[in-house]
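What follows is a set of notes on a single structure, which appears directly below.
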2 protein chains.
Amino acid sequence: MNLQLQFGERVRELRLAKGLSQEALAYKAGIDRTYMTSVENGKRNVSIQNVEKIITALDISVSEFFKSDTFKHN
Amino acid sequence: MNLQLQFGERVRELRLAKGLSQEALAYKAGIDRTYMTSVENGKRNVSIQNVEKIITALDISVSEFFKSDTFKHN
DNA sequence: ATTAATATGTGACTCATAGTCCGTTGACTT
DNA sequence: AAGTCAACGGACTATGAGTCACATATTAAT
């Protein structure tokens with residue numbers, strides 16, 4: 001139930017590392033600006049297609065995205 | 001658009017490795033058997049909450065789940 | 001040969017919510 | 001003062017969640 005939160009945190013981390021605004025990333029991903037805000041804040045139960053769009057917009061592979069320590073516990 | 005299919009394939013791979021039926025895994029994950037079928041076949045645009053339920057039911061971490069070669073390309 | 005049990009797949013359906021589009025606000029910057 | 005950025009909200013439409021009846025294939029026992 002907190003993958004949703006962890007996902008948002010990771011998106012924010014990578015977005016900031018690339019020096020992008022939420023709006024710029026949203027545009028690259030082809031999703032709404034206001035939606036990106038709520039995703040980063042862990043308020044949205046994102047679909048896997050949008051997960052892919054966002055990860056792709058971050059210029060990273062899916063496995064690299066989830067390689068973070070955040071996702072190492074079960 | 002592909003992550004949906006890759007996710008399903010990976011779920012099936014790990015489920016079979018554990019010797020579970022779709023129904024047994026679905027039960028562990030707390031979702032419907034027929035829903036699990038369509039997920040494995042890449043027919044569903046699964047939400048991140050259900051992604052987490054399924055990965056957890058497979059007794060694996062999120063980062064391990066996505067560590068497969070399938071997810072290494074962007 | 002048929003019966004029964006197990007496993008998987010499909011189409012259709014309702015209902016909740018994912019996701020969009022409009023705008024506003026506050027913080028910070030120049 | 002004007003611009004950028006993040007967050008929030010209301011109203012709306014598109015779509016995912018969740019379930020069902022039914023079909024199919026395989027295997028095992030009778």
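- Shown here are the side-chain hydrogen bond (donor to acceptor under 3.5 Å, both in side chains) partners of A/S21, two or more places apart in sequence or in another chain: there are none.
- Scored by the side-chain hydrogen bond (donor to acceptor under 3.5 Å, both in side chains) test, B/Q6 finds no partners at all (sequence neighbours excluded).
- Summarising the geometry, the separation between CG on A/L25 and P on D/dC5 is reported as 13 Å, rounded to the nearest angstrom.
- The ring-ring contact (aromatic ring centres under 6.0 Å, His included) check on B/Y35 picks up nothing, with sequence neighbours excluded.
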Worked verdict on B/Q49 versus B/E52 for side chain to side chain contact (heavy atoms under 4.5 Å, CB included): CA-CA 5 Å; B/Q49 282 181 9; B/E52 181 172 27; 5.5 Å; no
Evaluate A/L58 against A/K28 for side chain to side chain contact (heavy atoms under 4.5 Å, CB included), listing each step before the verdict. CA-CA 9 Å; A/L58 287 166; A/K28 267 192 87 177; over 6 Å; no
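- In this structure the side chain of B/V11 reaches within 4.5 angstrom of the side chain of B/L25, judged on heavy atoms.
- What separates CG of A/D32 from P of D/dA6 is a distance of 14 Å, to the nearest Å.
- Following rounding to the nearest Å, A/M36 (CE) and C/dC21 (P) show an atom-to-atom distance of 14 Å.
- Note on ring orientation: taking the six-membered ring where Trp is involved, the planes of B/F71 and B/F66 are perpendicular (angle over 60°, cut-offs 30° and 60°).
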Can you pull every protein N or O that's under 3.5 Å from an N or O on nucleotides 27-30 of chain C?
none

Contact string for nucleotides 4-18 of chain C, one letter per nucleotide 5' to 3', B = base within protein heavy-atom range under 4.0 Å, S = sugar-phosphate only, - = neither, reads ----BBB-B-----B
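- Using a 4.0 Å heavy-atom distance criterion, A/I31 is classed as a sugar-phosphate-only contact.
- By the side chain to side chain contact (heavy atoms under 4.5 Å, CB included) test, A/E64 is found to be paired with A/I60, A/S61, A/K67, residues two or more places apart in sequence or in another chain being considered.
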